*Asks:* 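I have a structure I would like to understand better, so I am pasting it below and will then ask my questions one at a time.
Just so you know, these numbers come straight off a predicted model, no measurement behind them.
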Amino acid sequence: MNTLVRVGRHLTHTPGAPARLPVPDGMTVPLGCDAVAVPARLGPLLMPRLPRVGCVYADETHWWWLVPADSDYAVEWPAPAQYVTGAVLPDAPHALTLINRPTGTVPYTPPIPLYLALCRLTGATPTWSRPISA
């Protein structure tokens, strides 16, 4: 219960100040922290496709997956996903809920399996599989 209260406190912020997805107490982010947002309708479809699921937050319209910083390097995340540097939320969600917390101290979902599962669900071709034009 204390963790949920602290998560809620982290989400309250002053108007105009960017809100950041919180990292639960007892967890560390040794690789920095970014986030991938997907429409809420895709969230339940992604969960069973992943070998490991890190911290996932949800609001009415999106599911937010914590990934290591720079997980967008040389990768174009397929629409309708949004990659968010620093796990800074573009708009403060009304009711953000931590829906998955992994065991251990690292909050990350591995980005490559997340990327591939998202490509599969959206019908996108992974960046490294696209033809190169001269």
*Asks:* First locate atom CG of Asp70, then atom SG of Cys33, and finally report the distance between them rounded to the nearest 0.5 Å.
*Replies:* 11.5 Å

*Asks:* Evaluate the side chain to side chain contact (heavy atoms under 4.5 Å, CB included) criterion for residues Leu96 and Trp64: first the C-alpha distance (whole Å), next the side-chain angles of each, then the deciding distance (0.1 Å), finally the verdict.
*Replies:* CA-CA 9 Å; Leu96 193 63; Trp64 302 85; 3.9 Å; yes

*Asks:* Which heavy atom of Pro48 sits nearest to which heavy atom of Pro44, and what is that distance?
*Replies:* CD-O, 3.1 Å

*Asks:* Can you tell if the side chain of Leu46 reaches within under 4.5 Å of the side chain of Leu114, non-hydrogen atoms only?
*Replies:* yes

*Asks:* Which residue pairs pass the side chain to side chain donor-acceptor pair (under 3.5 Å) test with at least one member in residues 31-46, sequence neighbours excluded?
*Replies:*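 Those involving residues 31-46 are Asp34-Tyr83.
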
*Asks:* Give, for atom CG of Leu116 and atom CG of Leu50, the distance between the pair rounded to the nearest 0.5 Å.
*Replies:* 10.0 Å

*Asks:* Please name the pair of heavy atoms, one in Val106 and one in Arg52, separated by the smallest distance, quoted to 0.1 Å.
*Replies:* O-NH2, 2.9 Å

*Asks:* Determine the minimum heavy-atom distance between Gly43 and Val38, stating which atoms define it.
*Replies:*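 Shortest heavy-atom contact: N-CG2, 4.3 Å.
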
*Asks:* Where is the tightest heavy-atom contact between Val67 and Ala35, given as atom of each residue plus distance?
*Replies:*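 For Val67 versus Ala35, the nearest heavy atoms are CG2-N, 4.1 Å.
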
*Asks:* Go through the structure and list residues passing side chain to side chain contact (heavy atoms under 4.5 Å, CB included) with Arg120, not counting sequence neighbours.
*Replies:* Arg49

*Asks:* Without hydrogens or angle criteria, can the side chains of Tyr115 and Ser71 be said to hold a donor-acceptor pair below 3.5 Å?
*Replies:*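 No, no side-chain donor-acceptor pair sits under 3.5 Å.
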
*Asks:* Test Trp65 against every option in Leu21, Leu118, Val53, Asn100 by the side chain to side chain contact (heavy atoms under 4.5 Å, CB included) rule and name the one that passes.
*Replies:*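 Single side chain to side chain contact (heavy atoms under 4.5 Å, CB included) partner of Trp65 among Leu21, Leu118, Val53, Asn100: Val53.
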
*Asks:* Would you mind listing every side chain to side chain donor-acceptor pair (under 3.5 Å) that reaches into residues 103-113, with sequence neighbours excluded?
*Replies:* none

*Asks:* For the residue pair Trp63 and Leu42, establish whether any side-chain heavy-atom pair is separated by less than 4.5 Å.
*Replies:* no

*Asks:* Considering all heavy atoms of both residues, which atom of Thr127 and which atom of Ala74 are nearest to each other, and what is their separation?
*Replies:* CG2-O, 3.7 Å

*Asks:* Under the side chain to side chain donor-acceptor pair (under 3.5 Å) rule, collect the residues that match up with Thr61, sequence neighbours excluded.
*Replies:*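 Per chain and number, Thr61 pairs via side chain to side chain donor-acceptor pair (under 3.5 Å) with Asp59.
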
*Asks:* Rounded to the nearest 0.5 Å, what's the gap from CG on Leu66 to CE on Met27? Could you check?
*Replies:*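 Between Leu66 CG and Met27 CE, I get 9.0 Å after rounding to 0.5 Å.
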
